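Input: a single structure, listed below in structure tokens.
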Amino acid sequence: MKALGFTKYGDPEVFEELELPKPKASEKGVVIKVLAAGVNPYDGLLRSGAMQKMRPLEFPIVPGSDIVGEITEIGSKVKNYAVGDIVIGHPAIGGYSEYVATPSYNVVKKPKEMTIEEAAGLASVGITAYYALQVAKLKKGEKLIILGASGAVGSIAVQIAKEQGHKVIGVASSKNADYVSALGADHVFSYDRDDLSQVLHNKANVVLDMSFGGKGSAEGLHYVKRGGRYVSLTSLPENADEKKVKAIRMKRSKDMKDKEALGYLADLYRAHKLQLKTAEVLTFDLRGVIGAHQLIDKKQVAGKLILK
Ligand SMILES: NC(=O)c1ccc[n+]([C@@H]2O[C@H](COP(=O)([O-])OP(=O)(O)OC[C@H]3O[C@@H](n4cnc5c(N)ncnc54)[C@H](OP(=O)(O)O)[C@@H]3O)[C@@H](O)[C@H]2O)c1
């Protein structure tokens, strides 16, 4: 089968078309013919070599943890799926391929109304947003500030938090303020227009920092009330102890099940309560993958990049 990967670290141009053996389904797994794959900033880190110490892998490396596709083979112990089902998958790696084998607990059926592009971009960001809110353990009546509310993860977190009945203040750039309001945020402030240290001072019980690379963390501590929580996908603010703020760096644990998060998000979508934003669809070939990684490296992508 064909796959798009690399045999050395470097710029997007290191990608090449590879010929690899077609994978087989394990007893509890499925093989998916990939219809489209999402491209994440994480894939760019894998390619550049920035992740090589943290996650040593052998070449060739084929990135890709977000896919949508058709099941072509099922393992002997797999229930509830059949050949021909169109599913959203979250394999550990290898999504930029014609076929992917993955355990069936990493897949859910695609809602009929969800487009292939939307489905291809959902898994990583959706699962992250879902579990970040669980880690935040919001109680009824607590106020939540989401930094990076316009981002791929943050935009989903806004919608889940609203569905769960919380009051949400979103922070994004002024050009995305209307978008964040349309997602349901009760108030939106902009890091490039408003004086956040003024308007958000001690406003929230919980800050969820989903800004790119934790850009909000230096300031964000001022937005949390004494005794509150600061949950970040990346960096944590210093001196959280002085304010008795619990600072939590979100990490995946084995209790966080892809199927639970993806099932929840699929139901939310079916109920018309989840908007998903696609930034650009590129062709699922060498040119497309290089173009997508060039965009990822520029860090100015609004929405998900999809290879189809
Ligand atoms: N994608 C994933 O599945 C995943 C999983 C785990 C962790 N993460 C990490 O989580 C972070 C967000 O990921 P993402 O995919 O959602 O990124 P993204 O789509 O690029 O979103 C980044 C967000 O950060 C905001 N932002 C940019 N500059 C800012 C600044 N100076 N101050 C405050 N906010 C600023 C952006 O606002 P504007 O666009 O309105 O300027 C946008 O809302 C990244 O650091 C990523 O590595 C991502």
Side-chain angles (χ1 to χ4, degrees), residues 41 125 128-250 274-277 279 295-304:
V125 288
T128 303
Y130 177 81
Y131 281 113
L133 276 156
Q134 282 206 357
V135 168
K137 290 198 175 87
L138 279 153
K139 297 182 204 89
K140 206 164 177 241
E142 285 192 322
K143 258 196 198 145
L144 170 68
I145 292 179
I146 298 182
L147 307 178
S150 58
V153 182
S155 59
I156 297 179
V158 169
Q159 297 174 85
I160 296 174
K162 283 313 298 173
E163 164 61 15
Q164 294 176 350
H166 304 297
K167 199 139 189 94
V168 178
I169 300 175
V171 176
S173 61
S174 48
K175 68 175 186 317
N176 287 323
D178 289 346
Y179 167 60
V180 177
S181 289
L183 296 173
D186 300 281
H187 301 283
V188 184
F189 294 100
S190 300
Y191 62 82
D192 57 347
R193 187 184 56 196
D194 300 310
D195 183 356
L196 299 182
S197 59
Q198 201 64 35
V199 285
L200 295 182
H201 186 68
N202 286 347
K203 269 272 179 311
N205 304 92
V206 177
V207 165
L208 256 185
D209 188 355
M210 300 179 152
S211 64
F212 196 87
K215 286 206 164 92
S217 67
E219 260 289 316
L221 185 60
H222 301 299
Y223 314 157
V224 200
K225 290 181 188 178
R226 201 171 173 78
R229 277 104 65 210
Y230 192 103
V231 179
S232 174
L233 301 183
T234 53
S235 54
L236 290 173
E238 288 170 13
N239 311 326
D241 286 352
E242 286 170 20
K243 217 178 164 184
K244 301 243 178 305
V245 166
K246 192 171 178 190
I248 307 162
R249 164 103 207 259
M250 188 175 137
L274 182 64
Q275 297 180 42
L276 300 167
K277 189 169 176 181
L295 290 169
I296 280 286
D297 282 4
K298 282 189 196 150
K299 299 183 175 56
Q300 284 168 346
V301 183
K304 295 302 301 175

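Quantities reported herein were computed from a predicted structural model and do not represent experimental measurements. In this chain, numbering begins with 1 at the start of the sequence shown.
A distance of 12.0 Å separates OG in Ser150 from CG in Asp178, rounded to the nearest 0.5 Å. Atom CD1 of residue Ile146 and atom OG of residue Ser211 lie 12.0 Å apart, to the nearest 0.5 angstrom. Rounded to the nearest 0.5 Å, atoms OG (Ser190) and CG (Asp195) are 12.5 Å apart. Note that CD of Gln275 is 6.5 Å distant from OH of Tyr179, once rounded to the nearest 0.5 Å. For the atom pair OH of Tyr131 and CD1 of Ile160, the computed distance is 10.5 Å after rounding to the nearest 0.5 Å. For the atom pair CG of Leu208 and CD1 of Ile248, the computed distance is 9.5 Å after rounding to the nearest 0.5 Å.
With hydrogens and angles disregarded, a donor-acceptor distance shorter than 3.5 Å links the side chain of Asn205 to the backbone of Lys143. Remark: side-chain polar atoms of Arg249 are not paired, donor with acceptor, to backbone N or O of Val231 under 3.5 angstrom. Although no hydrogens or angles enter the test, the distance criterion places a donor-acceptor pair under 3.5 Å between the side chain of Asp192 and the main chain of Ser174. Checking side-chain atoms of Gln134 against main-chain N and O of Tyr130 turns up no donor-acceptor pair under 3.5 Å.
Applying the side-chain hydrogen bond (donor to acceptor under 3.5 Å, both in side chains) test to pairs two or more places apart or on separate chains, those with a residue in residues 218-230 are Glu142-Arg229, Asp209-Tyr230, Glu219-Tyr223.
Nearest heavy atom pair, residue Ala204 against residue Ile145, reads CB-CG1, 3.5 Å. Closest approach of Ala185 to Val158, counting heavy atoms only: N-CG1, 3.9 Å. Closest heavy-atom contact between Val180 and Ala172: CG2-CB, 3.9 Å. The heavy-atom pair separating Pro237 from Leu221 by the smallest distance is CB-CB, 3.9 Å. The shortest non-hydrogen separation linking Met210 to Ala132 is CE-CB, 3.5 Å. Across all their heavy atoms, Ala302 and Ala279 have their closest contact at O-CB, 3.0 Å.
Lys243 and Asn202 share a donor-acceptor pair across their side chains, judged by distance under 3.5 Å alone.
Between Asp186 and Lys162 the shortest side-chain heavy-atom distance falls below 4.5 Å. The shortest side-chain heavy-atom distance between Val245 and Val207 does not fall under the 4.5 Å cut-off. Side-chain contact between Lys304 and Val125 is present, with at least one heavy-atom pair separated by less than 4.5 Å. A heavy-atom distance below 4.5 Å is found between the side chains of Leu144 and Leu133.
The neighbour count for Gln164 CD, taken as heavy atoms of other residues, nucleotides or ligands under 6.0 Å away, is above 12.
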| Evaluation steps, side chain to side chain contact (heavy atoms under 4.5 Å, CB included), between Leu183 and Val168 | CA-CA 11 Å; Leu183 296 173; Val168 178; over 6 Å; no
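In this structure, Lys299 fails the cation-pi test against Phe212, since its NZ or CZ atom is not both closer than 6.0 Å to the six-membered ring centre and inside 45 degrees of the ring normal.
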